[in-house]
Enquirer: 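Before anything else, here's the structure in question.
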Amino acid sequence: MNMKFFVLSRLLSSTTTLLASGYVAFALSIISIQLKAWQSLTFWILICLVFILCAIHHYISIRVKFDADILSTLAQQSKQQNENDLTQALDHSLLYFKLMPQNKAGRDWDLRFQGCLKLFKIQMTFVVMQYIVLITLIFKLLAQ
């Protein structure tokens, strides 16, 4: 189990690179919108879309990084403590700070790992969406 903690924490730690990539797409999208200098409803819709995508991506990145840090800590502590004790302590802490609903306490680690991977895939989806918006904006800019 210790190796699963380690491997997944390393994978999730790459969230910083994905976040930086998202910010590049965000900045280039804003620049391309400003270059076009649209003063219409389309302009404001695109600005809102770019900001919303960036904000959601940033929030998801925070969550993924938090999971990575927890898994890394658990990988280190699992050498010294029992896995069940660590799980109970983690659940208690997450419930205390209201970072996890009561009904998710005591889940199997395979389910937790799947949840972490799902969140990471959602983050990658938001990066792709940001670049789709950027590419669309660039093609629109070049077409006119």
Side-chain angles (χ1 to χ4, degrees), residues 1-79 81 83 86-144:
M1 184 63 81
N2 186 26
M3 187 53 74
K4 288 182 182 177
F5 287 136
F6 178 76
V7 169
L8 190 55
S9 73
R10 291 295 155 227
L11 174 66
L12 296 179
S13 292
S14 65
T15 187
T16 306
T17 307
L18 287 174
L19 184 60
S21 177
Y23 280 130
V24 167
F26 170 76
L28 293 175
S29 295
I30 294 298
I31 290 169
S32 66
I33 291 170
Q34 288 178 339
L35 285 176
K36 182 64 179 166
W38 288 316
Q39 292 301 323
S40 65
L41 181 61
T42 305
F43 169 80
W44 293 108
I45 290 172
L46 288 172
I47 289 286
C48 289
L49 177 64
V50 168
F51 273 99
I52 289 169
L53 285 174
C54 187
I56 293 171
H57 181 200
H58 189 82
Y59 171 76
I60 292 171
S61 177
I62 291 169
R63 298 259 326 262
V64 170
K65 182 66 174 149
F66 181 70
D67 286 350
D69 291 343
I70 286 176
L71 290 172
S72 178
T73 301
L74 289 173
Q76 293 170 359
Q77 290 184 359
S78 68
K79 297 173 188 173
Q81 287 183 322
E83 181 184 319
L86 284 173
T87 303
Q88 288 178 354
L90 173 65
D91 287 350
H92 178 71
S93 297
L94 293 174
L95 288 171
Y96 178 81
F97 291 111
K98 296 181 181 12
L99 297 173
M100 178 176 72
Q102 181 72 35
N103 62 344
K104 289 193 175 186
R107 288 181 296 158
D108 183 45
W109 274 105
D110 287 333
L111 288 174
R112 293 172 194 245
F113 292 150
Q114 288 173 6
C116 290
L117 287 172
K118 181 181 176 184
L119 196 57
F120 186 69
K121 289 175 184 176
I122 290 170
Q123 183 182 12
M124 288 189 296
T125 301
F126 272 91
V127 170
V128 170
M129 288 171 44
Q130 285 179 295
Y131 276 96
I132 288 171
V133 169
L134 173 62
I135 291 167
T136 303
L137 287 169
I138 289 173
F139 278 129
K140 260 189 130 155
L141 186 65
L142 293 175
Q144 294 182 2

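Numbers for residues simply follow the sequence, beginning at 1.
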Enquirer: Find out whether Phe66 and Leu12 are in side-chain contact, i.e. whether some heavy atom of one side chain is under 4.5 Å from a heavy atom of the other.
Expert: no

Enquirer: Check whether any side-chain heavy atom of Trp109 sits under 4.5 Å from a side-chain heavy atom of Leu74, and report yes or no.
Expert: yes

Enquirer: Report, one line per pair, each donor and acceptor closer than 3.5 Å where one atom sits in a side chain of residues 54-61; sequence neighbours left out.
Expert:
| residue | atom | partner | partner atom | Å |
| --- | --- | --- | --- | --- |
| His57 | ND1 | Gln130 | OE1 | 3.0 |
| His57 | NE2 | Gln123 | NE2 | 3.2 |
| His58 | ND1 | Tyr23 | OH | 2.6 |
| Ser61 | OG | Thr15 | OG1 | 3.1 |

Enquirer: Heavy atoms only: give me the nearest Cys116-Asp67 pair and the separation to one decimal.
Expert: SG-OD2, 3.7 Å

Enquirer: Would you give the length of the straight line joining atom CE of Met124 to atom CG of Leu117, rounded to the nearest 0.5 angstrom?
Expert: 8.5 Å

Enquirer: To the nearest 0.5 angstrom, please state how far the CE atom of Met100 sits from the NE2 atom of His92.
Expert: 11.0 Å

Enquirer: Indicate the atoms forming the closest heavy-atom contact of Ala25 with Leu134, along with that distance.
Expert: CA-CD2, 4.2 Å

Enquirer: So, do Phe139 and Thr136 sit near enough that their side-chain heavy atoms are less than 4.5 Å apart?
Expert: no

Enquirer: When rounded to the nearest 0.5 angstrom, what distance separates CZ in Phe5 from CD in Gln77?
Expert: 10.0 Å

Enquirer: List the atom of Ser72, the atom of Arg10, and the distance in Å for their closest heavy-atom pair.
Expert: OG-NH2, 4.1 Å

Enquirer: May I ask you to test the Ile30-Phe51 pair for a side-chain heavy-atom distance under 4.5 Å?
Expert: yes

Enquirer: Does Arg112 CZ have over 12 foreign heavy atoms under 6.0 Å away?
Expert: yes

Enquirer: How long is the straight-line distance from CD of Gln34 back to OG of Ser29, given to the nearest 0.5 Å?
Expert: 11.0 Å

Enquirer: Quick check against the 3.5 Å criterion: does Thr73 have a side-chain atom that pairs as donor or acceptor with the backbone of Asp69?
Expert: yes

Enquirer: Locate the shortest heavy-atom distance separating Leu111 from Arg107; write the atom from each residue and the value.
Expert: O-NH1, 4.5 Å

Enquirer: How about Val128 and Ile132: do any of their side-chain heavy atoms sit closer than 4.5 Å?
Expert: yes

Enquirer: Using a 4.5 Å cut-off on heavy atoms from C-beta on, say whether the side chain of Phe120 contacts that of Leu8.
Expert: no

Enquirer: If you measure from OG on Ser13 to CG on Leu71, what distance do you get to the nearest 0.5 Å?
Expert: 9.0 Å

Enquirer: Going from CG on Leu53 to SG on Cys48, what distance comes out if it is rounded to the nearest 0.5 angstrom?
Expert: 11.0 Å

